[in-house]
Amino acid sequence: MLEFEVITFVPFDTRLLEVEILTDAEKQWLNNYHSACFEKIAPALNDEDRAWLENATRPIA
């Protein structure tokens with residue numbers, strides 16, 4: 001089966017999501033994606049930008 005590969009890593013703005021209507025699988029996908037975003041991008045950032053990214057990619061409940 002074919003699938004898509006992520007080629008850009010930009011966190012979703014979770015303020016725009018209605019988290020209460022997401023399924024557990026959707027929340028897990030988003031948390032995994034945000035974790036990958038942080039792991040790939042954070043090493044190239046200064047402390048201030050890394051702090052912003054850490055906040056932007058924090059897990060949703």
Side-chain angles (χ1 to χ4, degrees):
M1 189 102 205
L2 299 176
E3 59 183 62
F4 291 102
E5 177 183 346
V6 177
I7 58 173
T8 60
F9 289 90
V10 178
F12 286 87
D13 187 347
T14 56
R15 297 173 300 172
L16 304 175
L17 299 175
E18 293 187 44
V19 176
E20 59 277 353
I21 67 171
L22 294 176
T23 65
D24 289 339
E26 291 167 335
K27 290 176 188 177
Q28 186 62 43
W29 181 90
L30 183 61
N31 288 336
N32 290 342
Y33 174 75
H34 276 170
S35 178
C37 286
F38 186 80
E39 289 175 19
K40 298 248 185 217
I41 300 170
L45 300 176
N46 62 38
D47 291 341
E48 181 181 349
D49 293 337
R50 189 176 301 111
W52 176 88
L53 183 64
E54 186 172 10
N55 183 56
T57 59
R58 71 187 180 282
I60 59 171

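All of these numbers come straight from a predicted model, not from anything done at the bench.
- Put simply, the side chain of His34 never gets that close to the backbone of Pro11: no donor and acceptor are under 3.5 Å apart.
- Open room surrounds CG on Leu2; 12 or fewer heavy atoms of other groups in view lie less than 6.0 Å from it.
- The structure places CG of Asp49 at 13.0 Å from CD of Glu54, a figure rounded to the nearest 0.5 Å.
- Of all the heavy atoms in Glu26 and Ile21, the pair that sits closest is OE1-O, 4.3 Å.
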Criterion side chain to side chain contact (heavy atoms under 4.5 Å, CB included) on Thr57 and Ile41, from CA distance to verdict: CA-CA 11 Å; Thr57 59; Ile41 300 170; over 6 Å; no
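- The distance from atom OG1 of Thr8 to atom NZ of Lys40, rounded to the nearest 0.5 Å, is 12.0 Å.
- Smallest separation of non-hydrogen atoms from Ile60 and Lys27: CD1-CG, 3.9 Å.
- Using a 3.5 Å distance cut-off with no hydrogens or angles, the side chains of Asp24 and Gln28 do not pair a donor with an acceptor.
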Criterion side chain to side chain contact (heavy atoms under 4.5 Å, CB included) on Phe9 and Tyr33, from CA distance to verdict: CA-CA 8 Å; Phe9 289 90; Tyr33 174 75; 4.2 Å; yes
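- A 6.0 Å sphere centred on CD of Glu3 holds no more than 12 heavy atoms belonging to other residues, nucleotides or ligands.
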Pair Val19-Leu30, side chain to side chain contact (heavy atoms under 4.5 Å, CB included): steps then yes or no: CA-CA 11 Å; Val19 176; Leu30 183 61; over 6 Å; no
